[in-house]
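Here the structure is laid out as structure tokens; the discussion comes afterwards.
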Amino acid sequence: VPVYVGSGGEAKEESQYDAALRSHGENGENSFFGELIALGGGGGIRNTQYPGHDGSGGSGGGGHYEAAGGLTLQRTSLSGGFGNIGGSRVSGDMGYGGGGAGTPGMSDNAVPIDGRIQLGRNAGGQGMFEVMVEGKVYNFRDIFGPLSVGHLVGDQLWFSGGGGGGINSTGHESYGAGGYGGGGRGAYRNQRINDPSYYISSGESDPNYEWGMTSAKGEDAMPNTGGGGGGARGGESGAGGSGIVIIRYEGSQKALGGEIFSHNGYTVHVFSDIGGHIFRLI
């Protein structure tokens with residue numbers, strides 16, 4: 001069976017005042033096991049829309065200002081699965097969190113959704129540490145064991161958290177958290193840094209403040225989580241996390257491929273290296 005572990009969307013440079021550097025986020029690559037496909041996450045959206053980029057993906061990329069967050073395509077795909085939309089504006093001028101497998105990305109007016117934990121305004125959506133399939137709950141830590149991949153929170157093993165939105169004003173350092181499941185924190189900025197030389201060179205009309213970096217770069221997502229990178233305004237975004245393919249079956253080893261170990265009477269294969277692989281019965 002062919003296996004592919006997709007890379008996350010690469011980090012993007014961005015400048016508030018240099019239009020040549022402004023860009024939307026990049027979508028992540030798909031990961032797959034045979035015909036089962038986990039779609040790459042949608043890249044974050046700038047307020048100025050780019051042709052052909054609406055932030056849609058496995059989960060949607062976060063929106064910005066009046067641009068709505070991206071749509072989730074995973075739920076309606078042939079493989080089914082889990083995904084949520086990116087956050088959209090309620091008020092203010094900020095970037096909004098990307099969607100996670102468990103909950104949508106957060107706007108600047110975050111509220112609890114479906115009783116799940118939320119991380120505050122502009123945060124990435126929560127990933128998942130367990131799934132329900134045909135009425136049965138599968139807890140990742142229980143069924144796969146103590147893996148070296150994933151985002152361990154307490155005794156829960158999370159995957160596919162959304163990236164936090166980038167924040168552009170003072171007093172918001174607590175906003176833009178990455179979602180549980182490897183999501184990166186968004187960058188945040190302070191203003192009121194007087195630099196007259198900047199305004200001479202840039203032609204800006206107001207010399208009373210200039211954007212200054214407090215956290216110049218969005219945080220990279222954790223590798224092998226499918227998490228989203230943190231957004232930024234005026235600095236570099238975080239890179240998305242690579243994917244992961246994990247297979248288990250009952251009994252002793254019956255196949256080759258990936259890192260192989262036993263857990264509670266099952267054999268587990270973990271494919272974590274980006275690129276193509278083969279899962280081969282023996």
* Can you get from F261 to V149 by hopping between Ile, Leu, Val, Met, Phe, Trp and Tyr side chains that sit under 4.5 Å apart? -> yes

* Asked: Any chain of hydrophobic side-chain contacts (each under 4.5 Å) joining M222 to W158?
  -> no

* Asked: Should V268 and I247 count as side-chain neighbours, where that means a heavy-atom distance under 4.5 Å?
  -> no

* Asked: When rounded to the nearest 0.5 angstrom, what distance separates CD1 in I274 from OG in S242?
  -> 4.5 Å

* To do: Report yes if the side chains of H151 and F159 come closer than 4.5 Å at any heavy-atom pair, otherwise no.
  => no

* Asked: Would L147 and L157 count as a side chain to side chain contact (heavy atoms under 4.5 Å, CB included) if you check the C-alpha gap in whole Å, the side-chain angles of each, and the deciding distance to 0.1 Å?
  -> CA-CA 9 Å; L147 300 178; L157 187 64; 3.9 Å; yes

* Asked: Does a side-chain heavy-atom distance below 4.5 Å link I45 with D54?
  -> no

* Asked: Under 4.5 Å between any side-chain heavy atoms of R75 and N84, yes or no?
  -> yes

* Is there a path of hydrophobic side-chain contacts, each under 4.5 Å between heavy atoms of I, L, V, M, F, W or Y residues, that connects I246 with Y266? -> no

* Asked: Should Q156 and Y180 be marked as a side-chain hydrogen bond (donor to acceptor under 3.5 Å, both in side chains) after you check the CA-CA gap, both sets of side-chain angles, and the distance that decides it?
  -> CA-CA 10 Å; Q156 298 170 343; Y180 288 172; over 6 Å; no

* Got I260 and T267 here, is their nearest side-chain heavy-atom distance under 4.5 Å? -> yes

* Asked: If every non-hydrogen atom of S77 is compared with every non-hydrogen atom of Q74, which pair is closest and at what distance?
  -> OG-O, 2.8 Å

* **Test item: S237 side-chain N/O and A11 main-chain N/O as donor-acceptor pair under 3.5 Å** => no

* Looking only at atom types and distance, does a side-chain atom of S59 sit under 3.5 Å from a main-chain N or O of G100, one as donor and one as acceptor? -> yes

* Asked: Between N139 (side chain) and E130 (backbone), is there a donor-acceptor pair under 3.5 Å?
  -> no

* Would a hydrophobic clustering, with Ile, Leu, Val, Met, Phe, Trp and Tyr connected at side-chain separations under 4.5 Å, put M132 with F82? -> no

* Asked: Are any of the side-chain heavy atoms of N30 and Y4 separated by less than 4.5 Å?
  -> no

* Output the distance between atom CG (L39) and atom OG (S79), rounded to the nearest 0.5 Å. => 7.0 Å

* Short side-chain to backbone donor-acceptor contact, N122 and G95, under 3.5 Å -> yes

* Structure fact -> The complete set of salt bridge (Lys or Arg N to Asp or Glu O under 4.0 Å) pairs with one or both residues in residues 244-253, sequence neighbours excluded, reads none

* Structure fact -> Taken to the nearest 0.5 Å, the spacing of H263 NE2 from R141 CZ works out to 9.0 Å

* Side chains of Q126 and T103: do they bring a donor and an acceptor to under 3.5 Å? -> no

* Asked: Do the ring centers of F140 and F129 come within less than 6.0 Å of each other?
  -> no

* Asked: Got a salt bridge between E26 and K12, using NZ or NE/NH1/NH2 to carboxylate O under 4.0 Å?
  -> yes

* Which pairs pass side chain to side chain donor-acceptor pair (under 3.5 Å) with one or both residues in residues 269-282, sequence neighbours excluded? -> Y249-H269

* **Minimum heavy-atom distance between A221 and G241, given as atom pair plus value** => CB-N, 3.2 Å

* Given I244 and V270, is the side chain to side chain contact (heavy atoms under 4.5 Å, CB included) satisfied, shown in steps? -> CA-CA 8 Å; I244 187 75; V270 179; 3.8 Å; yes

* Asked: Would one find more than 12 heavy atoms of other residues, nucleotides or ligands at under 6.0 Å from atom CG of L78?
  -> no

* Looking at side-chain heavy atoms only, is the closest gap between S107 and S88 below 4.5 Å? -> no

* Counting N and O atoms only, with roles assigned by atom type, does the side chain of H53 sit under 3.5 Å from a partner on the main chain of G43, one being a donor and the other an acceptor? -> yes

* Does the N224 side chain pair with the main chain of G243, one donor and one acceptor, at a distance under 3.5 Å? -> yes

* To do: State, with a plain yes or no, whether a side-chain heavy atom of F271 is found less than 4.5 Å away from one of F279.
  => yes

* To do: Taking D220 for its side chain and A239 for its backbone only, find out whether a donor-acceptor pair lies under 3.5 Å.
  => yes

* Exam field: side chain E236 to backbone K217, donor-acceptor pair closer than 3.5 Å -> no

* Give a yes or no answer on whether the side chain of S31 reaches the backbone of G6 with a donor-acceptor pair at less than 3.5 Å. => yes

* Can you tell me if NZ on K254 sees more than 12 non-hydrogen neighbours from other groups inside 6.0 Å? -> yes

* Please confirm whether the backbone N or O of G227 pairs with a side-chain atom of S160, one donor and one acceptor, at under 3.5 Å? => no

